[in-house]
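Just so we're on the same page: letters track the sequence lines, and every chain starts at 1.
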Amino acid sequence: MGSWKRTSYCTEVGKTDVGKTVCLMGWVNSYRDHGGVIFIDLRDRAGLVQVVFNPTFAASAHDKANLLRNEWVIAVSGEVRPRPADMVNPKLRTGAIEVWVKEMRILNRSAATPFAIEDEAKINEELRLKYRYLDLRRPEMQKKIICRHRVVKLIRDHFDTNGFYEIETPFLAKSTPEGARDYLIPSRISPGKFYALPQSPQLFKQILMVAGFDRYFQVVRCMRDEDLRADRQPEFTQLDVEMSFPQPEDIYELIEGVLARIWKEILGIEIPRPFPKLSWDEAMSKYGCDKPDTRYELFLQDLSDIFPNSEYRFFKQALADGGIIKGMNAPGCAEWSRKDTDDLTYALKAYGAKGLTAMRLQDSGLAGPVVKYLSADEQNKMLERLSAKKGDLILIMGDKFAVTNEAMNQLRQMIARKMNIIPEHKYNFLWVVDFPLFDWSENEKRWKSTHHPFTMPRAEDLDKLEFDPGKIKALAYDIVLNGVEIGGGSIRIHRPDIQERVFHALGISDEEAKIKFGFLLDAFKYGAPPHGGIALGIDRLMQIVVGGTSIRDVIPFPKTQAGADLMVDAPSEVSEDQLKELHLEVTKEDLT
RNA sequence: GGGGUCGUGGUGUAGCCUGGUUUAACACAUCGGCCUGUCAAGCCGAAGAUCGCCAGUUCAAAUCUGGUCGACCCCGCCA
């Protein structure tokens with residue numbers, strides 16, 4: 001490029017520049033050679049502009065232009081000219097003008113790309129990930145990544161304005177029990193010992209409160225060695241927040257503030273505040289789910305009290321086994337076929353449902369194979385509870401609490417999709433509050449933290465810690481957007497005595513607590529302020545902001561479902577020497 | 001660990017169910033030629049895949065079967 005200096009981005013050239021000489025640098029987006037005049041759409045991160053090589057205007061530039069191919073990198077210097085009225089291209093932002101090239105420099109050539117650099121291209125994702133640098137050249141991807149920058153910038157500004165300090169915490173940290181599987185880093189200096197990559201900076205941010213920083217935030221990478229999903233990557237970015245002396249309302253206020261600003265400044269949408277709040281109990285009851293999509297009005301109803309003595313053995317059995325019966329009304333769906341309801345039933349099996357009972361409310365009355373087992377009283381109560389009208393489809397199932405709720409939650413979503421009643425450009429934020437402090441783990445036969453072991457129990461529930469842990473509600477809250485959990489947090493325990501009692505309830509011994517969290521318990525002895533916070537998943541948030549279907553599209557270099565980076569080919573083997581230094585040995589059976 | 005979908009020139013797809021007249025088709029891209037106003041440029045021509053990989057069934061396999069590898073979706077898992 002010699003001494004040339006770019007004067008602007010492609011799309012910054014406009015009508016006001018007519019007559020001026022500009023210097024542009026970028027990629028050949030498309031090439032149209034008419035034998036005489038040659039047109040090129042020049043692309044940079046801002047967009048496209050048409051440049052013209054006319055042999056009568058600049059013969060040597062035109063000669064060189066004959067060589068050009070897509071994706072070559074060039075610099076052009078030329079004159080901005082208006083296009084004749086009938087040649088204006090309304091599809092281009094710069095369509096009213098074009099740049100007549102006086103001089104052109106070829107800065108780099110390009111091999112033919114494995115796929116076209118254009119938005120419409122439906123390229124298989126494997127290929128996109130292998131050639132991520134080409135995928136990221138597509139304007140659609142650039143837009144998403146740039147949008148992410150703007151959102152993160154806004155977040156930093158917002159928190160700075162509100163008196164928060166961004167403070168870094170270690171990546172080489174300590175493995176903790178509870179929670180996700182840790183990524184481990186072997187220590188070279190201490191044979192047989194390992195660091196763990198943080199699942200979140202949870203303990204460090206609490207320590208920062210003990211240290212008196214009062215308000216902390218961080219846009220930070222977190223790592224969890226668990227299986228991937230469309231909305232889960234092994235490394236992901238959190239907006240991590242902690243503050244001292246907070247009420248939950250302070251956290252709500254802060255987070256609503258930053259989200260409202262993002263929606264206003266990035267999407268141009270005013271979102272109503274304060275966000276609605278729903279207790280966990282109510283969410284489970286109405287939606288069967290702790291992160292309900294409230295964009296559509298379909299609700300579950302508990303019917304357990306109606307069928308305690310039912311003739312229908314599946315209902316009776318479910319209740320006898322200590323389960324619940326829940327129903328849902330799909331309004332106007334009575335005409336759905338047997339196949340439709342069979343498909344729903346089949347789909348629910350993945351969530352543990354053994355069956356689904358479908359009934360139609362037709363002109364002739366309630367219809368369905370199960371109707372004959374239900375008494376008139378049961379039918380009437382059920383129809384009333386479900387507000388069923390003629391033409392409605394009624395769907396009911398009974399099982400254990402968790403299975404029924406999960407299956408009915410999935411059913412609710414399937415029905416909504418099938419009825420096509422999910423509004424696309426609606427953003428329903430929701431706080432889900434009053435979570436249970438513990439869940440019973442059937443596998444491990446012990447209580448586990450719903451949120452994490454540092455969550456403060458509700459004050460009035462403290463005395464249940466030792467004898468009724470399942471009934472304790474936590475000072476914990478999740479923020480949900482359109483059925484996606486985008487964040488969660490809690491008020492923390494700041495008193496060592498309560499923390500110890502929670503560890504006991506979790507089956508964590510004094511000794512284990514001391515080894516794993518001794519530093520935290522120690523810190524709490526020296527005047528720990530009451531504190532609490534929240535963490536938001538930036539990737540999931542961005543996915544919704546840009547309207548995508550996978551978080552991989554808002555992550556510049558994501559991993560595949562098998563946790564591989566196809567571009568750099570990670571993970572990969574390392575040399576014997578490296579292993580030796582780390583005091584590691586790979587067993588033979590792992591290599592086959 | 002389990003269930004499902006997919007894998008055909010550089011890219012996206014058709015063909016596969018109903019194995020053999022298909023020399024594996026089409027579009028885009030690529031390469032060469034023509035063309036002074038295109039912007040999904042156009043026209044003419046060329047090259048390019050043995051059908052992810054392995055094994056089996058068969059006289060014969062892109063097509064059927066089994067396995068395997070990879071991508072994606074989901075269950076488990078994800079405090």
- Task: Show your working on ring pair (Phe, Tyr, Trp, His ring centres under 6.0 Å) between A/Trp440 and A/Trp447 and close with a plain yes or no.
- Result: CA-CA 5 Å; A/Trp440 179 253; A/Trp447 293 103; 5.1 Å; yes
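Applying the 4.0 Å criterion to OP1 and OP2 of B/G76, one finds that A/Arg232 has every side-chain N and O outside that range. The shortest distance between the side-chain N/O atoms of A/Arg32 and the OP1/OP2 oxygens of B/U38 is not below 4.0 Å. Neither OP1 nor OP2 of B/A29 sits under 4.0 Å from any side-chain N or O of A/Asn70. OP1 or OP2 of B/C75 lies within a sub-4.0 Å distance of a side-chain N or O belonging to A/Arg229. Contact annotation: A/Arg138 side-chain N/O to B/U11 OP1/OP2 distance is not under 4.0 Å. For A/Thr560, a side-chain nitrogen or oxygen approaches OP1 or OP2 of B/A71 to under 4.0 Å.
Contact annotation for A/Ala116: no contact, since no heavy-atom pair falls under 4.0 Å across all strands. Nucleic acid contact for A/Thr450: sugar-phosphate only, since backbone atoms but no base atoms lie under 4.0 Å from a heavy atom of the residue. Within 4.0 Å of A/Arg128, counting heavy atoms only, lies no atom of the nucleic acid at all. Using a 4.0 Å heavy-atom criterion, one finds that A/Leu127 contacts the sugar-phosphate atoms exclusively.
Side-chain proximity of A/Glu226 to B/C77, B/A71, B/U36: nearest is B/C77. Minimum atom distance to the side chain of A/Lys448 is reached by B/C78, of the listed B/G12, B/C78, B/A71. In the set B/G12, B/C31, B/C35, B/G12 carries the atom at the smallest distance from any side-chain atom of A/Lys122.
A/Asp565 has no carboxylate O lying under 4.0 Å from a charged side-chain N of A/Arg132, or vice versa, which leaves the two without a salt bridge. Under a 4.0 Å N-O distance rule, the pair A/Asp539/A/Arg552 does not qualify as a salt bridge.
The aromatic rings of A/Phe503 and A/Phe517 sit parallel to each other, their planes meeting at less than 30°, with 60° as the upper class boundary. Between A/Tyr133 and A/Tyr131, the angle of the ring planes goes over 60°, which puts this pair in the perpendicular group of the 30/60° scheme.
Partner assigned to B/U38 is none, using Watson-Crick or G-U wobble distances below 3.5 angstrom. Under the Watson-Crick or G-U wobble criterion, with both distances below 3.5 Å, B/C6 is paired with B/G70.
Nearest heavy-atom pair across A/Asn409 and A/Gly288 is CB-O, 3.4 Å.
Dense packing is recorded around CZ of A/Phe57, with more than 12 heavy atoms of other residues, nucleotides or ligands lying under 6.0 Å away. Within 6.0 Å of CZ in A/Phe401 there are more than 12 heavy atoms belonging to other residues, nucleotides or ligands.
The 5' end of RNA chain B is approached more closely, in terms of each residue's nearest nucleotide, by A/Pro114 than by the other of A/Val52 and A/Pro114.
Residues A/His34 and A/Phe39 place their aromatic rings such that the two centres sit under 6.0 Å apart.
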So which protein N/O to nucleotides 47-52 of chain B N/O distances come out below 3.5 Å?
none

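A donor-acceptor contact under 3.5 Å is formed by the side chain of A/Asp227 with the base of B/G76. In the interface, the side chain of A/Arg224 is not paired with the base of B/C78 through any donor and acceptor atom under 3.5 Å apart.
A distance of 8.0 Å separates CG in A/Leu475 from CG in A/Asp434, rounded to the nearest 0.5 Å.
Applying a 4.0 Å cut-off to non-hydrogen atoms, the residues of residues 80-98 of chain A that approach RNA chain B are A/Arg83, A/Met87, A/Asn89, A/Lys91, A/Glu98, listed by residue number.
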